[in-house]
Amino acid sequence: MALPRAGVRPPRRAERRGAARAVRPSFFRYQSGSGPSELTGWILVLFPYLKTFDRSGERLEPNPYFGRWEQALRAAEKRTAWSFNPEGPSLLQIPSSISSAPVRFVDVRDGTEHPLRFVAGLFGVTQEAATGALAPEFGWAIVHDDG
């Protein structure tokens, strides 16, 4: 399945001088209450897939808010009463970006066993200073698994 493309460039610092408060809400806006919770902002372009839940379990599906994050943010900001039709996903729908698997390492020299864990995934996001473009930072590690 191909990743959806939004063609979105996040606001650059140079274009937003003195407007730090304006940048933060456009990146991440979360509202929760007695109705459904809602995440809006351009953070949604970092998640091309969201978790969905039904009787058969949990699965990943294309993010329906991916290409219209800005319209959803503006609609949510203008709303004066809570809606049961959220403009974005809940935090529970954001998939984990790191996976791990247990590994039992046996040292063949002396037979000692070491519980380890392979960890890999998206560890962060960097921004290119010249263009403002975002890039994922993936990595992996082998760590001791102390239980």
Side-chain angles (χ1 to χ4, degrees), residues 1-17 19-77 84-147:
M1 179 180 294
L3 292 176
R5 299 218 178 261
V8 174
R9 182 180 56 81
R12 287 196 320 196
R13 202 171 301 171
E15 297 169 352
R16 298 287 213 166
R17 268 191 196 123
R21 284 189 209 147
V23 172
R24 262 184 250 117
S26 72
F27 174 68
F28 182 94
R29 180 188 169 278
Y30 184 70
Q31 184 172 355
S32 181
S34 59
S37 58
E38 163 186 82
L39 173 63
T40 56
W42 63 264
I43 190 172
L44 294 178
V45 303
L46 302 177
F47 301 98
Y49 295 93
L50 296 175
K51 291 190 291 188
T52 59
F53 309 91
D54 61 20
R55 290 182 185 178
S56 62
E58 176 184 310
R59 66 181 181 281
L60 292 176
E61 291 191 355
N63 180 350
Y65 310 101
F66 192 83
R68 61 179 201 86
W69 70 269
E70 194 165 12
Q71 297 92 333
L73 174 64
R74 300 297 168 240
E77 289 175 334
F84 283 94
N85 295 314
E87 296 289 340
S90 75
L91 288 178
L92 292 174
Q93 290 178 269
I94 303 298
S96 172
S97 63
I98 297 178
S99 297
S100 70
V103 175
R104 188 184 66 189
F105 174 76
V106 179
D107 190 332
V108 295
R109 297 173 297 179
D110 60 11
T112 58
E113 294 185 12
H114 304 275
L116 302 175
R117 185 163 286 276
F118 290 172
V119 181
L122 174 67
F123 282 84
V125 178
T126 58
Q127 185 173 23
E128 188 178 315
T131 66
L134 297 178
E137 291 294 330
F138 294 94
W140 61 271
I142 301 172
V143 298
H144 290 275
D145 191 359
D146 295 329

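Scope of the values below: all heavy atoms of this structure, side chains included, with no hydrogens, waters or symmetry mates.
- Summarising the geometry, atom NZ belonging to Lys51 is positioned 9.0 Å from atom CD1 belonging to Ile94; distances are rounded to the nearest 0.5 Å.
- Closest non-hydrogen pair, Ser26 versus Leu73, comes out as CA-CD2, 3.6 Å.
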Stepwise side-chain contact (heavy atoms from CB on, under 4.5 Å) test for Leu44 and Phe66: CA-CA 6 Å; Leu44 294 178; Phe66 192 83; over 6 Å; no
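- Distance CG/Leu46 to CH2/Trp69: 11.0 Å, rounded to 0.5 Å.
- Atoms OG and CD, on Ser97 and Glu137 in that order, are 12.5 Å from each other to the nearest 0.5 Å.
- Annotation: the span from Leu92 atom CG to Glu58 atom CD amounts to 9.5 Å, rounded to 0.5 Å.
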Stepwise side-chain contact (heavy atoms from CB on, under 4.5 Å) test for Leu50 and Tyr65: CA-CA 10 Å; Leu50 296 175; Tyr65 310 101; 4.0 Å; yes
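- Ion pair Arg74/Glu87 not flagged as a salt bridge, since none of the NZ, NE, NH1 or NH2 atoms sits closer than 4.0 Å to an Asp/Glu carboxylate oxygen.
- A donor-acceptor pair is defined here as one N or O able to donate and one able to accept, closer than 3.5 Å; such a pair exists between the side chain of Gln127 and the backbone of Gly132.
- Looking at residues two or more places apart in sequence or on another chain, you find a side chain to side chain contact (heavy atoms under 4.5 Å, CB included) between Ser100 and Arg117, Val119.
- Considering every non-hydrogen atom in both Tyr49 and Leu60, the closest pair reads CB-CB, 4.2 Å.
- Summarising the geometry of Ala76 relative to Glu38, their closest heavy-atom pair is CB-OE1, 3.6 Å, with the distance given to 0.1 Å.
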Criterion side-chain contact (heavy atoms from CB on, under 4.5 Å) on Thr112 and Val106, from CA distance to verdict: CA-CA 6 Å; Thr112 58; Val106 179; over 6 Å; no
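- When the shell of 6.0 Å around CZ of Phe118 is examined, it contains 12 or fewer heavy atoms from other residues, nucleotides or ligands.
- Taking all atoms of both residues into account, the shortest heavy-atom contact from Arg59 to Ser56 is NH1-OG, 4.0 Å.
- The minimum heavy-atom distance linking Ser37 with Ser90 is given by the pair OG-CB, 3.0 Å.
- Put simply, CD1 on Ile98 and CH2 on Trp140 are 14.5 Å apart, with the number rounded to the nearest 0.5 Å.
- For the atom pair CG (Leu91) and CG (Leu39), the distance works out to 5.5 Å, reported to the nearest 0.5 Å.
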